[in-house]
Protein chains: 2
Amino acid sequence: MAVDRLYSLLERLGNLLRTEERAAGLRHGLQPVHLQALRYLQSCNRYSNTPAALTEYLGLTKGTVSQTLLLLEEKGLLRKEADTEDRRVVHLHLTDAGRTVLKEAIPPALFKQALAGLPGGGEALEEALTGLLRGVQAANAQRSFGACSTCKHFRREGPGRFRCGMTQEPLSREDSVLLCREHEAVPPGH
Amino acid sequence: MAVDRLYSLLERLGNLLRTEERAAGLRHGLQPVHLQALRYLQSCNRYSNTPAALTEYLGLTKGTVSQTLLLLEEKGLLRKEADTEDRRVVHLHLTDAGRTVLKEAIPPALFKQALAGLPGGGEALEEALTGLLRGVQAANAQRSFGACSTCKHFRREGPGRFRCGMTQEPLSREDSVLLCREHEAVPPGH
DNA sequence: CGCATTTAGTATCGAGTCGATACTAATTCG
DNA sequence: CGAATTAGTATCGACTCGATACTAAATGCG
């Protein structure tokens, strides 16, 4: 049955990818999940750099993520900052050391190589996976973490000038490509 | 960059899948890797039901897999059998209890649901993922674990009668769909 | 043949993940 | 104002995983 084959494929690719990542993080003393957390923090926007958002992104429990963050903070790869509005909330920022580690440890060389042999540079694959992820998230009542500019709250106000229709805050061109926790896809037919 | 997005997608899907699997195995006291091992043993052929083959399939070290197998044996989900030819080799067989657990714990309900919403039933996705896996394996000097009937050593001898050109053993129709450790893809253009 | 090498597998150890449970503090809701 | 919710932390135990070291069987090479 096709579903079972697909399941196996994704599972195996996930395993191999994690094994790769384990090796990549080894000389920094980092586990796969640590690199994943750092990468998320690198690519999320200022509404989404919190433990809660990361928890949902990774699909783990908040206790588990709290531990992970503790370790990354001890290693000096990230820094915590209290929110000024809501004093329960903590914002996570990569330190220079964190960014350096990411640059060194992330390039999935083996993976890039495999991708190069794919027809069309993997465009079709990306599209299909995006759809699948969306489906899994919908079935799981999870957030999508899409890029800001693809959100239904995204407003264009001029060349390089944007605004979030939800928070009313202005957004730069750089902001617009970051992942947002509050992201909601534009409904089909727009 | 497209490679980075693809990497993230696969990583996230892998995470969510593992979280699902963790929940599924919970009431049997099984971890994701245990279910993966059982599933492999269910779908591999008689040349490939060994610790070494499983080790390569999962991409772990042989020590780690040895431990996993010990646990599964203690739980009565599989049974070890010495090879009669090569006395170093052990063959792994699912017990009835093992098969029962698989039937109960595997159905990735959430996943099937997500897949149903995919255009074309995921045919395109399966093809693309297969290609990617092949690429990763090639880059890693790993075996492919394809179905027997798609191997270059597979010989048709009549309706429902086949033979492995490597071991010269006859193969049944059931054999021909199982995963083989010695699998080698038919070179393109055949 | 006979000794080195390779291969299959196991044993043991320590670092670390992860979920579960229980907790605090701040916010929101009625 | 008080109850419920939300963000986050602390602690614990079961378990994974790689590293290292080991045994036993098979193979290869002089």
Side-chain angles (χ1 to χ4, degrees), chain A residues 14-37 47-75 78 80-92 143 181-182, chain B residues 14-37 47-75 78 80-92 143 181-182:
Chain A
N15 281 349
L16 298 178
L17 204 128
R18 214 162 65 257
T19 301
E20 273 283 291
E21 217 160 37
R22 197 179 292 278
L26 196 65
R27 71 199 136 149
H28 300 281
L30 296 176
Q31 301 286 325
V33 73
H34 299 152
L35 291 174
Q36 290 176 30
Y47 311 131
S48 313
N49 59 356
T50 68
L54 179 60
T55 294
E56 206 160 2
Y57 183 84
L58 294 176
L60 302 174
T61 63
K62 60 181 181 176
T64 298
V65 171
S66 180
Q67 267 182 311
T68 298
L69 293 173
L70 208 60
L71 188 147
L72 290 174
E73 194 185 12
E74 273 168 17
K75 282 190 183 281
L78 61 80
K80 291 179 182 174
E81 195 172 317
D83 189 295
T84 49
E85 307 270 308
D86 186 336
R87 305 218 316 267
R88 295 170 306 180
V89 174
V90 166
H91 289 276
L92 307 164
R143 300 170 189 279
R181 186 189 183 185
E182 309 292 346
Chain B
N15 282 348
L16 297 177
L17 205 130
R18 213 163 66 257
T19 301
E20 272 284 292
E21 217 159 39
R22 196 179 290 277
L26 197 65
R27 71 198 135 150
H28 300 281
L30 296 176
Q31 301 285 325
V33 73
H34 299 152
L35 291 173
Q36 291 177 28
Y47 310 132
S48 314
N49 57 357
T50 68
L54 180 59
T55 294
E56 206 160 3
Y57 183 84
L58 294 176
L60 302 175
T61 63
K62 60 182 182 176
T64 297
V65 170
S66 181
Q67 268 183 309
T68 298
L69 293 173
L70 210 61
L71 188 147
L72 290 174
E73 194 185 13
E74 273 169 16
K75 282 190 183 280
L78 61 80
K80 291 180 182 173
E81 195 172 317
D83 189 294
T84 50
E85 306 271 307
D86 186 335
R87 304 221 314 268
R88 295 170 305 179
V89 174
V90 166
H91 290 276
L92 307 164
R143 298 170 191 278
R181 186 188 184 186
E182 308 293 345

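Naming convention: chains lettered A, B, ... in sequence-line order (proteins, then strands); numbering from 1 in each chain.
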key: Residues that A:Arg18 engages under salt bridge (charged side-chain N to carboxylate O under 4.0 Å, His left out), provided they are two or more places apart   =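 Per chain and number, A:Arg18 pairs via salt bridge (charged side-chain N to carboxylate O under 4.0 Å, His left out) with no residue.
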ask   = Can you name the salt bridge (charged side-chain N to carboxylate O under 4.0 Å, His left out) partners of B:Asp83, sequence neighbours left out?
value =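 Here no residue qualifies.
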Holding to side-chain hydrogen bond (donor to acceptor under 3.5 Å, both in side chains), I want the full list of residues that pass it with [X], two or more places apart in sequence or in another chain.
X	value
B:Gln31	B:Arg22
A:Arg87	none
B:Ser48	B:Asn45
B:Arg181	none

task = Find the bend of the helix from C:dC1-D:dG30 to C:dG30-D:dC1 as the angle between its two terminal axes (five pairs each), to the nearest 10°.
result =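 About 30°, once rounded to a multiple of 10°.
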task = Starting at atom CG of B:Asp83, determine the distance to atom C1' of C:dT7, rounded to an integer number of angstrom.
result =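 Rounded to whole Å, this separation is 13 Å.
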request  = To the nearest Å, give me how far apart CG (B:Leu58) and C1' (D:dT16) are.
outcome  =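 Nearest whole value for this atom pair: 12 Å.
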ask   = Reading nucleotides 8-17 of chain C 5' to 3', which nucleotides get B (base under 4.0 Å from a protein heavy atom), which S (sugar-phosphate only), which -?
value = BBBS-B--SS
Return a table of donor-acceptor pairs under 3.5 angstrom between the side chains of residues 55-62 of chain B and protein atoms on other chains or two or more places apart.
| unit_1 | atom_1 | unit_2 | atom_2 | d |
| --- | --- | --- | --- | --- |
| B:Thr55 | OG1 | B:Pro51 | O | 2.8 |
| B:Glu56 | OE1 | B:Arg143 | NE | 2.9 |
| B:Thr61 | OG1 | B:Thr64 | N | 3.4 |
| B:Thr61 | OG1 | B:Thr64 | OG1 | 3.0 |

task = Any chance you could measure B:Gln36, atom CD, to B:Leu54, atom CG, to the nearest 0.5 Å?
result =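 Between B:Gln36 CD and B:Leu54 CG, I get 9.5 Å after rounding to 0.5 Å.
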inquiry  = I want to confirm an ordering. Mapping A:Thr84 and A:Leu60 to their closest nucleotides on DNA chain C, which one lands closer to the 5' end?
reply    =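 Its nucleotide being nearer the 5' end, the pick is A:Leu60.
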